[in-house]
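Down below is the structure, laid out as structure tokens.
Quick note: numbers below take in every heavy atom, side chains included, and nothing from hydrogens, waters or symmetry partners. In the text below, chain A, chain B and the rest are named by the order of the sequence lines, each starting its count at 1. Owing to the predicted nature of the structure, the values given are computational and were not obtained by experimental measurement.
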Amino acid sequence: MNYLSIIITLLTELVRTVITFKTAKVFFSDDEASPVRISAYSFSFIATSALYLFYHNPILNLCVTLLCLLTVAFTYDADVKRRIGFAVIILSLSAALDTLAVYITGGMTEDPLYGQVQSVISILLYLLAYVIYHRISHKQIKKSMSIYEWLALIGILTVSIICLVILVFDPGISSYTAIAVCFALLLNDIVVYYLFSGLSNRYQSERETLLLKEQMSRYEADLSAHMKQEDQMRLLQHDIKHHLLELKAMAETAQYDDIADYISEMSLQGFESDMPVSTGNRPVDSILGYTIRHAEESGVRVIHHITIPQDIIFPVYDLTVILGNLLDNAVENAVKAKDPYISVNMKYAMNCLLIDISNSYDGTVNEVEGKLLTTKTDASSHGIGLSSVRSVVDKNHGELCIDYDRNRFNVKVMLYI
Amino acid sequence: MKIRIGICDDEKSTCADLEKLIYKFFDNSDLSADVSVWYDGRSLMNDLEKIPELYLLFLDIELPDVSGVEIGKHIREKLSYSALHLVFISSKSSYAMELFQIHPYDFLIKPVSEPVLFKLLKGLQSMTRADNRYLTFPSKDGLKRVAVGDICYAMSSNKKVCLYLSDDEVLSFTGKLASVFQSPPPTFVNASKSFIVNMRYIDSCAYDHVILRNGVRISISQSHRVSFRKSFHKFIEGE
């Protein structure tokens, strides 16, 4: 019994540490696992486990837990208030859930067995709280699983907790059985959670693949426009010899006015690029070309200033997600404005790429907890647009700034190349 | 105060138009411009060694004799004119990466329009005003000052502060970094508690370190990464 008990304690504290890490990831928008941070979390895990195994003083527990939380919070880059706030919130939540666990199992007890069950119930409640928090905070963005699937997960966790409560209130149960069931349920719930999480991630990447497919069709549309331009180029080259002979004849007889007229009439179509933007960078030219054509057809003015190297090395997929989504959003919103326009600026300096997109709009922005909701009717697939951009930017340690006033909406992205 | 501006392009019409627009801009300004024109790369390179330093140079990328890239590299490396502002002019809109490594201020597409040029000159003017501010620091002979635009980076260790200047000179004095850079100029940012960097001298930037134009590599401490990134973002945006 003793060994299993120790394993359960360690597992419980491990789950607690992992949930704290995941919560911090959402709270601070930072999931970097630097050595400093890993040591802080390891220290936290060891300290709280050791404390639980060797001492049973709740006050000491509280103090040490707070200390560990503060240590962990200070490995994140945020202002002091926010970091302390995080530690206090987590501590209060843990304490509240501990109290709840004790309350539903009939009160405080000296019996280490009951204490063990209570702590397992408490950690399951903590996991439940995290699952609900995660779902609420990502509602518009991670619509990868339906509400029913989330409720199923919550249901599984709740059933385990109820099971343990029943266990506590059965006087005839042997301590070995109690511990074994405790361990089994805890392990089960952890496994189910990871299963669910894995499925959710898989659906997420499938939707991203869908985005990529949409982008591929854009490329195809642009390619045909490009080929049309190449054909015109060839025609012009073919005709140039003929034109030059004509001009030579006119020059020999000093027919200067005729020369000027002839040149004006000459079709300069081969010289005018059908591609509005040609930086030499295929994905950029392609996406911008498509966007500019699409925008102008919808009556949206486009202003652009692009100075980036043609041989820039940046994952095409990431660039596509960022530019494609931001430009789509810009055009879709600009169309509704009184004076529809979008402006696109891209600049490269010192190994950093700067993308600055502004658009006019009708003034309605939906914002929830700092995350923009979509005004698009197809909420489930379009709400992921800005969040996809955010996750690609975060992946590249870049910066995303959103700024808006009544008339103008602006998004700036900076990426390290 | 006179600002020395240079234009180098083999198309005479481009040079003439640009010169006219530049003088027009400075008519309405308290500064005056002195524009010199070259029609080929060789003569520009020869003259650069002799004449006093230019402030701004408009350089054609597609010169027939020497490429704009070569001239740019020559300016930055041989002549160490890192403070010279380069603007590349071109008839194309696709640029090779090597052009960016010369750290031009901007790229202009021919023909250069008045609003575009004026916006560029305006931006340059405010940047120069910021660069001409002075930083005072204590030394054995009393208070001394150095132009903010000349400082590459500053380092503090053991109660001493060292200012590393663009001409490789190093000024050191006792004091604290925070007290000297009380209200840091807009182009300066903390990379860590003991390093403050002038973003104008950055050659390349990554999320955890920067490499300056003189080759020095400075790490950005974890707690400063987000704030550094934000300041850097604002800086390249404004440039």
* **Lys/Arg-Asp/Glu bridge criterion (N-O < 4.0 Å) met for A/R301, A/E296** => no
* Structure fact -> Bottom line for A/D356: the part with an atom under 4.5 Å from chain B's heavy atoms is side chain
* Under a 4.5 Å heavy-atom cutoff, which of A/N345, A/D77, A/V413, A/I417 has the most pairs with chain B? -> A/D77
* Asked: Looking at A/I308, A/I306, A/N281, which makes the most heavy-atom pairs under 4.5 Å with chain B?
  -> A/I308
* Asked: chain A heavy atoms under 4.5 Å from B/L99: which part of the residue, side chain, backbone, both or neither?
  -> neither
* **Residue, of A/N396, A/T307, A/T75, that accumulates the most heavy atom pairs under 4.5 Å with chain B** => A/T307
* Using non-hydrogen atoms only, which part of B/K230 is less than 4.5 Å away from chain A: side chain, backbone, both, or neither? -> both
* **is_close_aromatic(B/Y201, B/Y153), centroid dist under 6.0 Å** => no
* Can a salt bridge be assigned to the pair B/K110 and B/D9 using a cut-off of 4.0 Å between side-chain N and carboxylate O? -> yes
* **Ring centres under 6.0 angstrom apart (A/F314, A/Y416)** => no
* Structure fact -> Counting heavy-atom pairs under 4.5 angstrom with chain A, the leader among B/S93, B/S227, B/S223 is B/S93
* To do: Could you tell me how the ring of B/F107 sits relative to the ring of B/F100: parallel (under 30°), tilted (30 to 60°) or perpendicular (over 60°)?
  => tilted
* Is it the case that A/R83 places NZ or CZ above or below the six-membered ring of A/F28, under 6.0 angstrom from the centre and within 45 degrees of the axis? -> no
